[in-house]
Amino acid sequence: IVPGNDDGASDFKLVTYYGNGFDFPFIFKRCWMNGCAAPWSLRRGRYWNDAVSADLHDIFTFGDRSQKTGGLDAVAKILGTKRKSGSGEYFYQLWEKDPVAAVLYLLDDLSCVEEAGLKMGVIRAPVAATPVKGKK
């Protein structure tokens, strides 16, 4: 989650890699299966709500869903940013076998998304607050 949009449409922006293609549909279906409220703010009609989320895959391919990127690791290689430490293909097994290793994988994955988002200009680097004169 990064600071909100320049247009003030939201207080935050959820940045993912392929979130629109996997994570968000997965979350919605799990909510429906388990009787939970789905996070409808992620939707705008039949599309994902760009005011509250940004999918680096969609941005990188300019919305061309037929274009293959090779995943976050391949995009990171192209951008010259941090590469992934492993594959998430069998994450569910890692979660069952070693939850600590699974969380470490997720944290590493998030830092790869963050670096790619910074390089692509989707995420802005934090700006240090300027102290007010006469105040400590």
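Side chains included, hydrogens not; waters and symmetry mates left out as well; all remaining heavy atoms used.
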Checklist line | Test side-chain contact (heavy atoms from CB on, under 4.5 Å) applied to Val52 and Leu14, step by step | finding: CA-CA 6 Å; Val52 297; Leu14 186 61; over 6 Å; no

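- Here Leu118 contributes atom CG and Met120 contributes atom CE; the two are 11.0 Å apart, rounded to the nearest 0.5 Å.
- The aromatic rings of His57 and Tyr17 lie perpendicular to each other, with more than 60° between the two planes, well past the 30° mark.
- Cluster annotation: Phe24 is connected to Trp40 through the hydrophobic network of ILVMFWY side chains, with a link wherever side-chain heavy atoms come within less than 4.5 Å.
- Heavy atoms only, all atoms of each residue included: Ala54 and Ile59 are closest at CB-CD1, 4.1 Å.
- Between Tyr92 and Tyr90, the two ring planes are tilted [angle within 30° to 60°].
- In this structure, Lys82 pairs ionically with Asp108, as a charged nitrogen and a carboxylate oxygen lie closer than 4.0 Å.
- Rounded to the nearest 0.5 Å, atoms CG (Asp73) and CZ (Arg83) are 4.0 Å apart.
- The two residues Tyr105 and Ser85 make their nearest non-hydrogen contact at CD1-OG, 4.2 Å.
- With hydrogens and angles disregarded, no donor-acceptor distance shorter than 3.5 Å links the side chain of Asn20 to the backbone of Asp55.
- Considering all non-hydrogen atoms of both residues, Leu56 and Gly117 come closest at CD1-N, 3.6 Å.
- In the displayed structure, Arg30 atom CZ is contacted under 6.0 Å by at most 12 heavy atoms of other residues, nucleotides or ligands.
- A side-chain donor-acceptor contact under 3.5 Å links Asn49 to the backbone of Ser41.
- Residue Leu107 holds its CG atom at 11.0 Å from SG of Cys112, rounded to the nearest 0.5 Å.
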Next item on the list: Please lay out, stage by stage, how Ile78 and Phe60 fare under the test side-chain contact (heavy atoms from CB on, under 4.5 Å).
Entry: CA-CA 11 Å; Ile78 292 166; Phe60 189 82; 4.1 Å; yes

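- Crowding of Tyr18 atom OH: a count of heavy atoms from other residues, nucleotides or ligands under 6.0 Å not exceeding 12.
- Under a 4.0 Å N-O distance rule, the pair Asp109/Lys84 qualifies as a salt bridge.
- Between the CD1 atom of Ile123 and the NZ atom of Lys13 there is a distance of 10.5 Å, given to the nearest 0.5 Å.
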Note to self: side-chain contact (heavy atoms from CB on, under 4.5 Å), that's the test. Do Val15 and Val113 meet it? Break it down for me.
What the structure shows: CA-CA 8 Å; Val15 179; Val113 170; 4.0 Å; yes

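- Note on ring orientation: taking the six-membered ring where Trp is involved, the planes of Trp48 and Phe28 are perpendicular (angle over 60°, cut-offs 30° and 60°).
- Contact of the Ile27 side chain with the Pro39 side chain is registered, since non-hydrogen atoms from C-beta on lie closer than 4.5 Å.
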